[in-house]
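First up is the structure itself, then whatever we jot down about it.
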Amino acid sequence: MKKDLISIKDLTSKEIEELFNLTDRLKKNKLKFSKALAGKTLALIFQKPSNRTRVSFEVGMYQLGGNAIYLAPGEINLGVRESIKDVAKTLSRYIDGVVLRTFEHKNVMEFANSATVPVINGLSDFSHPCQGIADVYTIREKLKKLKGVTLAYVGDGNNVCNSLLFACAKIGINMNVGAPKGYEPEPLVLKDAKDFAKAKKSDINLFNDPIEALKGADVIYTDVWASMGQEEEAAERKKIFRDFQVNARLASLAKNNALIMHCLPAHRGEEITDEVLDGPNSVVFDQAENRMHVQKAILIKLLS
Ligand code: CP
Ligand code: NVA
């Protein structure tokens, strides 16, 4: 049976821990895995722009001895030139795995249901699982613990927030979300995350006040206020999210030396200021680097 990575919700805590352990080994001994996916080809179907996801998957695949083919939005024209189902069935005859970056989450599920090879969600409007796993891995690497750690996510209850909720809950990190009214994560995501957290004896909390969310936080996380596809809402969102900007004053409300995280790309001067993003506690580029290491572990688990 092929296995996909569509949402962290579908992973067990044990599977996430196994990914972390394999990532540790991959980081320590790159050469040992240089033939792990020899002869395998990964297709990257992207309907939105990307720096980190595309490059880290392509380079990761090469480092494992395999190949990657990037298919830009106009190329496959998913669902327009050809139905999602037919693209998935055709590509399954050529390649060994697919990373799909799309708008509607249901497209990823439809693709995965028709593909006979593993499908990895490279970001949909609902979730960004590779990001969430790499983020928790980064926290584990930097703080050397997960139990008792509190992450405060300040900003839009978007795809990245959803994946962090699942990742933190499954691994036992406490998470506070501070989002404006009307921009909170979906109630069902919060409910699921709370249920997963209960099993790990950790807490998930929602606030509409960023100050409340930051109390006692070991990690401060933010993301853009307008995600890809929401560009026309950007001006309105700038006003609504104004008090949620992670600047030095807001950051000082968390614990001393709290880690600063952002999935990137950042809109400097909007959701985060230069002084915080470039400050001594920022780990944003380690996060970006870890995307590649964690994804190599994901590729080995799903494709080999
Ligand atoms: N964080 C992330 O997924 O970045 P890209 O959009 O550049 O891939
Ligand atoms: N929430 C952002 C994340 C980008 C990596 C977006 O979807 O555009």
Side-chain angles (χ1 to χ4, degrees), residues 1-12 15-16 18-19 22-23 36-37 39-50 52-62 64 66-135 159-160 162-163 166-167 170 189 192 228-229 263 291-304:
M1 262 284 277
K2 65 141 179 167
K3 204 166 161 41
D4 304 310
L5 174 55
I6 308 294
S7 168
I8 297 172
K9 191 183 155 186
D10 310 324
L11 295 177
T12 62
E15 283 171 322
I16 301 174
E18 280 170 11
L19 283 173
L22 181 55
T23 306
L37 294 182
K40 305 269 183 189
T41 304
L42 181 73
L44 301 157
I45 307 177
F46 278 48
Q47 297 189 293
K48 292 173 176 172
S50 170
R52 282 145 290 271
T53 308
R54 176 190 172 174
V55 179
S56 59
F57 265 114
E58 283 201 33
V59 175
M61 204 57 198
Y62 295 134
L64 296 171
N67 292 303
I69 300 177
Y70 173 71
L71 297 157
E75 210 116 40
I76 291 272
N77 223 344
L78 201 65
V80 179
R81 183 169 183 267
E82 207 171 355
S83 73
I84 293 178
K85 178 163 93 176
D86 290 349
V87 175
K89 286 184 174 175
T90 306
L91 282 179
S92 297
R93 300 293 179 105
Y94 306 134
I95 44 89
D96 303 286
V98 177
V99 178
L100 178 56
R101 169 168 286 199
T102 184
F103 288 88
E104 288 178 82
H105 189 70
K106 69 172 178 13
N107 293 348
V108 193
M109 299 206 283
E110 190 184 341
F111 195 103
N113 286 339
S114 300
T116 54
V117 296
V119 174
I120 299 169
N121 176 4
L123 182 147
S124 68
D125 288 358
F126 175 72
S127 69
H128 196 4
C130 301
Q131 185 71 54
I133 299 168
D135 292 340
N159 45 8
V160 169
N162 290 343
S163 287
F166 292 140
K170 293 252 172 176
V189 173
D192 284 340
M228 291 180 274
C263 57
R291 286 288 304 279
M292 184 177 75
H293 303 299
V294 164
Q295 286 163 196
K296 283 169 72 178
I298 294 169
L299 288 169
I300 289 177
K301 289 271 183 202
L302 298 187
L303 266 59
S304 58

For the student: nearest non-hydrogen atoms of [X] and [Y], plus distance:
X: Leu91; Y: Phe111; answer: CD1-CZ, 4.3 Å
X: Val99; Y: Gly122; answer: CG1-CA, 3.8 Å
X: Leu78; Y: Gln47; answer: CB-NE2, 3.3 Å
X: Val119; Y: Ile6; answer: O-CD1, 3.9 Å
X: Asp10; Y: Glu15; answer: O-OE1, 4.1 Å
X: Lys9; Y: Lys170; answer: O-NZ, 2.9 Å

Of all residues at least two apart in sequence or in a different chain, which pass the side chain to side chain contact (heavy atoms under 4.5 Å, CB included) check with [X]?
X: Tyr70; value: Leu44, Phe46, Arg54, Glu58, Ala72, Pro73
X: Thr116; value: Ser92
X: Asn121; value: His105, Val108, Ser124, Ser127, Pro129

### Message
To the closest 0.5 Å, what do you measure between CD1 (Ile95) and OG1 (Thr41)?
### Response
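The CD1 atom of Ile95 sits 8.0 Å away from the OG1 atom of Thr41.
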### Query
From Ser50 OG over to Met228 CE, what is the distance, rounded to the nearest 0.5 angstrom?
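Separation between the atoms: 7.0 Å.
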### Message
Taking salt bridge (Lys or Arg N to Asp or Glu O under 4.0 Å) as the cut-off, I'd like each qualifying pair that reaches into residues 79-92, sequence neighbours left out, listed once.
### Response
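Passing the test, one end in residues 79-92: no pairs.
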Side-chain donor/acceptor pairs under 3.5 Å, residues 295-304, sequence neighbours excluded:
residue: Gln295; atom: OE1; partner: Arg291; partner atom: NE; Å: 2.8
residue: Gln295; atom: OE1; partner: Arg291; partner atom: NH2; Å: 2.9
residue: Gln295; atom: NE2; partner: Ser56; partner atom: OG; Å: 3.0
residue: Lys296; atom: NZ; partner: Gln63; partner atom: OE1; Å: 2.6
residue: Ser304; atom: OG; partner: Ile300; partner atom: O; Å: 2.5

Just wondering, do [Y] and [X] contact through their side chains at under 4.5 Å, heavy atoms?
X: Asp96; Y: Val117; result: no
X: Thr23; Y: Ile133; result: no
X: Leu42; Y: Leu37; result: no
X: Asn162; Y: Phe126; result: yes
X: Leu5; Y: Leu11; result: yes

### Query
Who are the ring pair (Phe, Tyr, Trp, His ring centres under 6.0 Å) partners of His293, not counting sequence neighbours?
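Checked His293 against ring pair (Phe, Tyr, Trp, His ring centres under 6.0 Å); zero matches.
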### Message
Quick check against the 3.5 Å criterion: does Ser163 have a side-chain atom that pairs as donor or acceptor with the backbone of His128?
### Response
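Yes: the side chain of Ser163 pairs with the backbone of His128.
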### Query
Is there a donor-acceptor pair under 3.5 Å between the side chain of Lys48 and the backbone N or O of Leu123?
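No; judged by distance alone, with no hydrogens or angles, the pair does not exist.
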